[in-house]
Amino acid sequence: KFTYSILAKGLCMNGQINEALKCYKWMLEKDLVEDGFAPNILIDYLCRTKNIAGAKQLLGNMFVRGLIPDTVTYGTMIDGYSKAGNLDSAVHVYSDMIKVGKNPNVVIYNALLDGLCKRLSVDAGKSLIDALKSADCFDVVTFNTLLNGYCISGNVDEALHLLVDMRKEGISFNHVTYNILINFLCKLGLIQQAKEVMEIMIAEGLTPDCVTYTTLITNMSKKGDAEEIIELHDCMIVRGVMPD
RNA sequence: AUCCGUAUCUGAAU
């Protein structure tokens, strides 16, 4: 189950979807598909490549073969729909999973939250997170998602307030939290402050990653201080972060 | 044995 599922995933990452599907069919013949693990990988790939129709078909095929969609299957479809801009269908999949008695976990809610913030409104996202807090169902991704929503809509006050709230709820910032803030500061034209936040991040024991550096370099390029850009580039190399 | 191995948040490209 694992060996051939991961092989199928590798084929997908190579863009060889037909080979991946062949691999899956072969697994079915050999009775190696006992649950959602293998089909979830293919459904996810189809969603990421915006082939929602294909993903739906594969999902339908699971039922035909008596395979029960699991929480990951539902999460994959919810995220796929919402990233494709179809929030209604995402919510519909969510109701389906409730109907069949599957318990949504924090990943499901985070996917919905991201969809709400990006496709509907941050206010809708705020309402959801309030409910999640009462239900004690949240993690660092939940907060990062809403934080990014506030940043995208330029809501500085709410963003800052959310950071305080995060601490209050006992959620530590991670590298993504910092990357969101650094990107936001850059977008506000506050490059120097963005670099300071990177220093805070390091002081907090977190390691800037490729996204951190690319964010800073991209935004500094718009101003054209070549010296500083090269310095930052060399800095990332020295610290062992590979540019992509 | 334990751990890891499929879904959710950030940059760039389109």
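Numbered from 1 within each chain, the chains take letters A, B, ... in sequence-line order.
For the segment residues 236-244 of chain A, the set of residues with a heavy atom within less than 4.0 Å of an atom of RNA chain B comprises A:D244, in numerical order. Within a heavy-atom distance below 4.0 Å of RNA chain B, the residues of residues 132-152 of chain A found are A:V141, A:N144, A:T145, A:N148.
The side-chain hydrogen bond (donor to acceptor under 3.5 Å, both in side chains) test applied to A:N219 returns no partner, not counting sequence neighbours. In terms of the side chain to side chain contact (heavy atoms under 4.5 Å, CB included) criterion, residue partners of A:D130 (sequence neighbours excluded) are, by chain and number, A:K126, A:K133. Qualifying side chain to side chain contact (heavy atoms under 4.5 Å, CB included) partners for A:R167, counting only residues two or more places apart in sequence or in other chains: A:F173.
Sorted by first and then second residue, the pairs that involve residues 223-237 of chain A and meet side chain to side chain donor-acceptor pair (under 3.5 Å), not counting sequence neighbours, are A:K195-A:E228. Listed by first and then second residue, the side chain to side chain donor-acceptor pair (under 3.5 Å) pairs involving residues 140-159 of chain A are A:N110-A:T142, A:D139-A:T142, A:N144-A:N174, A:N144-A:T177 (not counting sequence neighbours).
Taking Ile, Leu, Val, Met, Phe, Trp and Tyr as members and joining any whose side-chain heavy atoms lie under 4.5 Å apart, directly or through other members, A:V238 forms no hydrophobic cluster with any other residue. Taking Ile, Leu, Val, Met, Phe, Trp and Tyr as hydrophobic and joining them when side-chain heavy atoms fall under 4.5 Å apart, one finds A:I41 in a cluster with A:F2, A:I6, A:F37.
Between A:K83 and the phosphate of B:rC9, there is a side-chain N or O to OP1/OP2 separation shorter than 4.0 Å.
With hydrogens and angles ignored, a donor-acceptor pair closer than 3.5 Å exists between the side chain of A:T214 and the base of B:rG11.
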Can you check nucleotides 1-6 of chain B for protein contacts, nitrogen or oxygen pairs under 3.5 Å, and list what you find?
residue : atom : partner : partner atom : Å
B:rU6   : O2   : A:N40   : ND2          : 2.9

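Across all strands, A:T177 comes closer than 4.0 Å to no nucleic acid atom at all (heavy-atom distances). Counting non-hydrogen atoms under 4.0 angstrom, A:T218 reaches the backbone sugars and phosphates but no base. Backbone-only contact: A:K118 has heavy atoms under 4.0 Å from sugar-phosphate atoms and none from a base. Within the 4.0 angstrom heavy-atom criterion, base atoms lie near A:N105.
Here the closest non-hydrogen pair linking A:G125 and A:L113 is O-CD1, 3.3 Å.
How far CG of A:L162 is from CG of A:L147: 5.5 Å, rounded to the nearest 0.5 Å. One finds the CG atom of A:L67 at 9.5 Å from the CD atom of A:E34 (value rounded to the nearest 0.5 Å).
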Under 3.5 Å, which donor-acceptor pairs do the side chains of residues 7-33 of chain A form with other protein atoms, sequence neighbours left out?
residue : atom : partner : partner atom : Å
A:N14   : ND2  : A:G10   : O            : 3.4
A:E19   : OE2  : A:K22   : NZ           : 3.3

**Study point:** Nucleotide-level pairing of RNA chain B, given in dot-bracket where Watson-Crick and G-U pairs need both distances under 3.5 Å and | marks other strands
**Key:** ..............

